[in-house]
Amino acid sequence: MNVIECDGLNKIRGKVNALHNLSFTIKEDTITGLIGRNGAGKTTLMKVIAGMWRETSGTLRVFNKQPFNNLFVSVNSIYIDDQLRFNSSLTLSEILKEAERFYPNWDTTLALRLFSYFSFNPKDIHENLSKGKKSTFNAIIGLASHCALTMFDEPTTGMDAAVRKDFYRALLKDYLNNPRTILISSHHVDEIEDLIEDIFLIERGEVLAHLPMDEFKEYAIGLTGRTEIVSQWSSNKKVLYQKTNEMNRTFMVVKNEAFPLEQAKRLGIETSSISVSDLAIYLTNQRKEGIDNVFK
Amino acid sequence: MSLNKVRLGKLVQKQTQFKLRSYSGIFSSLIVLQVLGILFSLNGVGMTGTSAYNMSVSITYYSADIVVVLTLIWAFISAILITTKAYREDDYIFVTNRLSSNLSNIIFMAIASIIGGVTAILSGFLLKLVVYTFFTAEFMHTGTSMLLSEVIGGAIIVILYVFLACAAGYLIGSIAQMNRMFIILVPVIVIGTTLLLEMSSSKLTTYMIEFYIYEHSFLMSLLKGFFTAVLLFTLATLLSNRKEVRA
């Protein structure tokens with residue numbers, strides 16, 4: 001069963017076309033990583049899926065229903081980001097109790113154990129927490145709600161390295177115990193690379209790639225060698241990135257399409273695999289020149 | 001993960017309970033305002049004096065009407081407050097849609113109106129008690145009526161007016177939330193039309209006052225107030241039903 005079905009989805013905010021003709025489906029019980037640069041449309045997409053924002057055109061079905069103003073979607077999904085603001089007259093433990101009243105699948109034991117593991121004070125007020133602590137508390141709500149569709153929008157903002165690791169581990173363990181559909185957005189692919197099953201690469205409101213992680217890892221290949229040979233060999237192939245140094249050697253990233261690698265080796269071209277985070281950067285790079293160019 | 005269904009009625013009930021627990025600031029401001037109102041009333045609302053045959057009599061009139069007025073203002077401002085971003089977003093952390101959020105707001109305001117109206121009426125008695133206990137004056141007359149049925153009737157009408165003030169504030173707040181421009185436009189239009197009507201010596205304002213205030217039948221004023229509130233809340237709900245949140 002597909003949890004999210006999206007066909008020709010557009011979202012215009014102000015004058016910006018934040019989502020442009022998106023079509024995709026997200027299957028039940030998968031963890032999908034939503035990867036993109038700043039302003040690529042990750043948050044917009046999640047807020048439309050959560051029913052907070054209304055789609056401009058196209059169709060969007062979550063649990064086979066249009067999410068805007070839909071109670072069924074609202075009770076079965078949760079959207080967690082770092083902008084969550086709780087009423088400051090409630091203490092942290094009171095917020096957990098309220099969440100328990102609203103979410104039917106709420107896991108009280110998990111919530112309380114995480115709460116004490118991350119050493120929260122039950123009497124604290126959310127507003128007075130530090131940035132990282134806020135994110136950690138929000139993440140606890142997201143995990144313990146056990147919603148069939150759980151969305152984390154850059155959940156680790158402000159968390160320190162240890163808490164980040166703990167959070168991803170907690171997410172994975174809880175997912176294995178209680179499989180559900182999870183969308184998690186990040187611009188640090190390397191952090192969630194081992195966690196996610198599918199990768200959803202978005203840039204300027206368009207889908208660049210939506211692949212299982214294993215396929216994405218094999219998506220491109222790096223070629224290093226003398227410029228003429230590499231250029232000639234890679235003609236009519238899709239080049240994602242190219243850099244030539246003074247020694248007339250070129251490093252090129254090309255889409256992996258069943259290359260005769262033996263032949264490349266004989267010509268003196270070294271092949272290398274491309275890390276997932278580098279690949280994401282090459283795919284989403286919109287600028288022709290690097291930051292160095294600004295300072296010239 | 002199993003999928004759950006939620007009924008609108010059940011959800012509205014949960015949201016109302018949540019609001020009663022978390023909007024405590026609204027009630028504490030009510031207490032502060034009413035205490036202030038009673039303090040102001042201790043000065044009396046009017047005074048007459050006369051003297052004859054070497055005797056002088058001075059009469060001070062006490063009334064807790066100002067508490068009712070302050071309660072009305074409190075209701076109006078609190079209702080506007082509920083429509084602001086900070087309060088509205090509270091709902092969207094948990095389960096909600098726009099209709100349930102509006103319905104639970106209206107029920108919350110109804111409950112707040114009952115609390116505000118009853119305490120406003122009771123503060124009249126508190127004022128009498130304070131004057132009786134701490135002032136040395138002789139009591140001449142303790143008010144027009146002490147009949148229980150009339151006190152209850154008065155309380156119901158006060159509650160209704162407080163609820164009407166909420167409805168007016170809620171509609172104005174909802175309009176103001178639609179677009180930043182309206183925050184300036186709404187007061188300008190409301191005050192402007194009132195002034196214009198006043199200057200053009202139109203009968204509309206007089207008619208409005210007659211319609212709501214000079215209604216002698218208890219049942220009729222109840223119905224008029226109630227249906228006006230329903231109309232205002234319906235408008236506010238329709239206006240906010242397509243509003244995007246957490247923008």
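Lettering of chains follows the sequences in order, A, B, ..., and the numbering in each one begins at 1. Hydrogens, waters and symmetry mates are skipped; everything else that's a heavy atom, side chains included, is used.
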Original post:
Which residues, numbered in order, of residues 78-113 of chain A come under 4.5 angstrom of chain B by heavy-atom distance?
Top reply: A:Tyr79, A:Asp81, A:Gln83, A:Leu84, A:Arg85, A:Phe86, A:Asn87, A:Ser89, A:Leu90, A:Ile95, A:Glu98, A:Ala99, A:Arg101, A:Phe102, A:Tyr103, A:Pro104, A:Asn105
Original post:
Is there any residue in residues 46-58 of chain A with a non-hydrogen atom under 4.5 Å from a non-hydrogen atom of chain B, and which ones are they?
Top reply: A:Lys47, A:Gly51, A:Met52, A:Trp53, A:Arg54
Original post:
Between A:Asn76, A:Val75, A:Asp29, which shows the greatest number of heavy-atom pairs under 4.5 Å with chain B?
Top reply: A:Asn76
**OP:** Please confirm whether the backbone N or O of B:Thr96 pairs with a side-chain atom of A:Ser74, one donor and one acceptor, at under 3.5 Å?
**Re:** yes
Original post:
Do you know which of B:Lys14, B:Arg242, B:Arg7, B:Gln15 has the most heavy-atom pairs under 4.5 Å to chain A?
Top reply: B:Arg242
**OP:** State whether a side-chain donor-acceptor pair under 3.5 Å links B:Asn241 with A:Asn69.
**Re:** yes
Subject >> B:Lys243 versus chain A, the contacting section by heavy-atom distance below 4.5 Å >> reply: backbone
**OP:** To the nearest 0.5 Å, tell me how far A:Arg180 CZ sits from B:Leu3 CG.
**Re:** 13.0 Å
Subject >> Leading residue by heavy atom contact count with chain A [cutoff under 4.5 Å; candidates B:Lys10, B:Glu244, B:Lys5] >> reply: B:Glu244
Original post:
For B:Phe233, what residues pass the ring pair (Phe, Tyr, Trp, His ring centres under 6.0 Å) criterion, not counting sequence neighbours?
Top reply: B:Phe163, B:Tyr170
Subject >> Verdict with reasoning, B:Val6 to A:Phe72, per side chain to side chain contact (heavy atoms under 4.5 Å, CB included) >> reply: CA-CA 7 Å; B:Val6 62; A:Phe72 185 73; over 6 Å; no
Subject >> Sorted by number, residues from residues 16-43 of chain B in contact with chain A (heavy atoms, under 4.5 Å) >> reply: B:Phe18, B:Arg21, B:Ser22, B:Tyr23, B:Ser24
Original post:
Of all heavy-atom pairs between A:Leu71 and B:Leu11, which one has the smallest distance, and what is that distance?
Top reply: CD2-CD2, 3.3 Å
Original post:
Would the number of heavy atoms belonging to other residues, nucleotides or ligands and lying under 6.0 Å from CE of B:Met181 be above 12?
Top reply: no
